[in-house]
J.: 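One structure is given below, represented as structure tokens, and several questions about it will come after.
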Amino acid sequence: MSALAIIGGSGFNKLETLEIVRREVVHTPYGEPSAPITHGVFRGQDVVFLPRHGTAHTIPPHKVNYRANMWALKHIGVKHVIGVAAVGGIGPDMAPGVIAIPDQIIDYTYGRDHTYFENDLSHVTHIDFTEPYTDSLRERLIVAAHASQVAIVPHGVYGATQGPRLETAMEINRLDRDGCTLVGMTGMPETALARELGLDYACCAVVANWAAGRGDGPITMAEIEKYIGQGMSRVVCLIAALVGII
Ligand code: HPA
């Protein structure tokens with residue numbers, strides 16, 4: 001069993017060069033995960049892969065069953081999770097094409113099933129979330145980036161918005177004032193659920209566009225797809241270096 005799982009985001013429905021060994025359907029107390037879990041061998045190491053938006057990319061960010069996804073990974077014995085995600089860039093160092101390893105999150109999502117700690121509790125539980133990402137896993141991603149000569153920005157504040165629409169220019173100004181340097185739609189509750197389950201979790205964010213009002217004119221899907229396409233081959237190099245370290 002692999003200790004490492006990759007959750008693929010938009011444009012990352014499969015892990016290139018993963019030698020697929022088998023697909024596992026996991027039923028969870030929280031419903032069905034986004035897809036069967038793919039077990040495979042990647043650069044000689046066991047890795048599992050789960051496409052966040054489903055195999056055919058049909059599940060929008062607010063409809064992803066984050067609880068089922070994370071529970072399924074925990075259930076099969078995963079210890080470390082890398083969440084790959086497309087994001088918009090807010091900070092001046094977060095131009096389209098950048099790969100960032102965020103270190104903080106602000107949650108603006110609503111109405112999502114965001115916790116395992118709500119029913120049949122023997123006591124009320126509050127996880128510590130001061131540092132939302134697992135530092136040791138972030139560090140290993142950063143080492144892997146240096147080893148594979150993949151340029152990264154080794155920090156970032158991920159503003160998690162509800163979607164599926166993109167933001168208004170004023171919403172982005174507000175996120176900027178709050179300190180967000182990146183904006184995406186899937187970082188929460190995925191990151192918090194990992195912590196509730198005791199899974200190591202880090203995010204590999206691919207900047208696909210300037211956030212609303214920060215670029216020239218409207219944001220187009222063509223632009224987003226172009227930068228995701230370019231970014232994903234570098235993400236694969238980064239993950240290849242990471243599996244060697246883990
Ligand atoms: N906003 C929110 N999510 C995103 C964006 C964005 O600009 N780009 C890619 N995912």
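Start at 1 and go down the list; that is how both ligands and their atoms are numbered. In what follows, residues are counted from 1 in the order of the sequence shown. Everything numeric in this text was worked out from a predicted model, so none of it was measured.
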J.: Using a 4.0 angstrom limit on heavy atoms, which residues are close to ligand 1?
T.: Ala86, Val87, Gly88, Leu166, Glu167, Val183, Gly184, Met185, Asn209

J.: Take atom CD of Glu118 as the centre, draw a 6.0 Å sphere, and report whether it contains more than 12 heavy atoms from other residues, nucleotides or ligands.
T.: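 Yes, the 6.0 Å shell around CD holds more than 12 heavy atoms from other groups.
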
J.: If you take all heavy atoms of Thr186 and Pro61, which pair is closest and at what distance?
T.: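 The answer is CG2-CB, 3.9 Å.
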
J.: When the aromatic ring centroids of Tyr30 and Tyr66 are compared, is their separation below 6.0 Å?
T.: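 No: the rings miss the under 6.0 Å criterion.
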
J.: Tell me whether His114 at atom NE2 has more than 12 heavy atoms from other residues, nucleotides or ligands lying less than 6.0 Å away.
T.: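 No - once you tally the heavy atoms of other residues, nucleotides and ligands closer than 6.0 Å, there are 12 at most.
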
J.: Taking all non-hydrogen atoms of both residues, which atom of Cys203 and which atom of Pro102 are closest, and how far apart?
T.: O-CD, 3.4 Å

J.: Check Met185 against Leu166 and note the closest heavy-atom contact, atom names and distance.
T.: CE-CD2, 3.8 Å

